[in-house]
Visitor: 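Dropping a structure here in C-alpha cells format, bear with me for questions.
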Amino acid sequence: PVCCLFIPIIFCYFVNKPSRLAAIWSIVFGALGYVLFSTVIHLPIAYELSAVIFSLIGYIIGYIIDKNRKPHNQLSY
C-alpha cells in the first residue's frame with residue numbers, strides 16, 4: 001500500500017542525508033500497521049491514517065538507531 005511508502009518518500013525530499021535504516025523501519029512499521037489496523041484492530045479513524053502514523057513512528061525509531069550506531073571505521077574491539 002502507498003501509505004507504507006508515504007513517510008520515507010516525504011523525508012527523502014526534505015532531509016539532507018536521509019537514513020536508509022529509518023526508511024526500512026518506516027516501511028516495515030507502515031506495512032504492519034496497515035495489516036493490523038485493517039484486519040485486527042478497528043479504530044474510529046481510517047486505517048490508512050493509522051498506518052501512516054505507525055510508519056512515522058518506525059521512521060523515528062530507525063533514525064534514532066541509525067544516529068546511535070558507530071561508523072564502521074570507528075569500531076572499538
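When reading the values below, keep in mind they use all heavy atoms of this one structure, side chains included, and skip hydrogens, waters and symmetry mates. The model shown is predicted, which means the values in this text are computed figures rather than measured ones.
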Visitor: Less than 3.5 Å apart, which donor and acceptor atoms pair up between the side chains of residues 7-15 and the rest of the protein, not counting sequence neighbours?
Guide:
none

Visitor: Roughly how far, to the nearest 0.5 Å, is OG of Ser55 from CD1 of Ile60?
Guide: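 Rounded to the nearest 0.5 Å, the CD1-OG separation comes to 10.0 Å.
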Visitor: Of all residues at least two apart in sequence or in a different chain, which pass the side chain to side chain contact (heavy atoms under 4.5 Å, CB included) check with Leu21?
Guide: Ser19, Trp25, Ile65, Asp66, Arg69
Visitor: I'd like to check the side-chain hydrogen bond (donor to acceptor under 3.5 Å, both in side chains) partners of Ser50; sequence neighbours left out, ordered by chain and number.
Guide: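 side-chain hydrogen bond (donor to acceptor under 3.5 Å, both in side chains) list for Ser50, sorted by chain: empty.
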Visitor: Does Tyr63 belong to the same Ile/Leu/Val/Met/Phe/Trp/Tyr cluster as Ile57, with side-chain heavy atoms less than 4.5 Å apart forming each link?
Guide: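 Looking at the clustering, Ile57 is in a separate group from Tyr63.
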Visitor: Could you give the distance from CG (Leu56) to CD1 (Ile53), rounded to the nearest 0.5 Å?
Guide: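 Spacing of CG (Leu56) from CD1 (Ile53) equals 8.0 Å.
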Visitor: Would a hydrophobic clustering, with Ile, Leu, Val, Met, Phe, Trp and Tyr connected at side-chain separations under 4.5 Å, put Phe54 with Phe6?
Guide: no
Visitor: Check residues 28-37 and write down every donor-acceptor pair under 3.5 Å in which the side-chain atom is one partner and the other belongs to a residue at least two apart or another chain.
Guide:
none

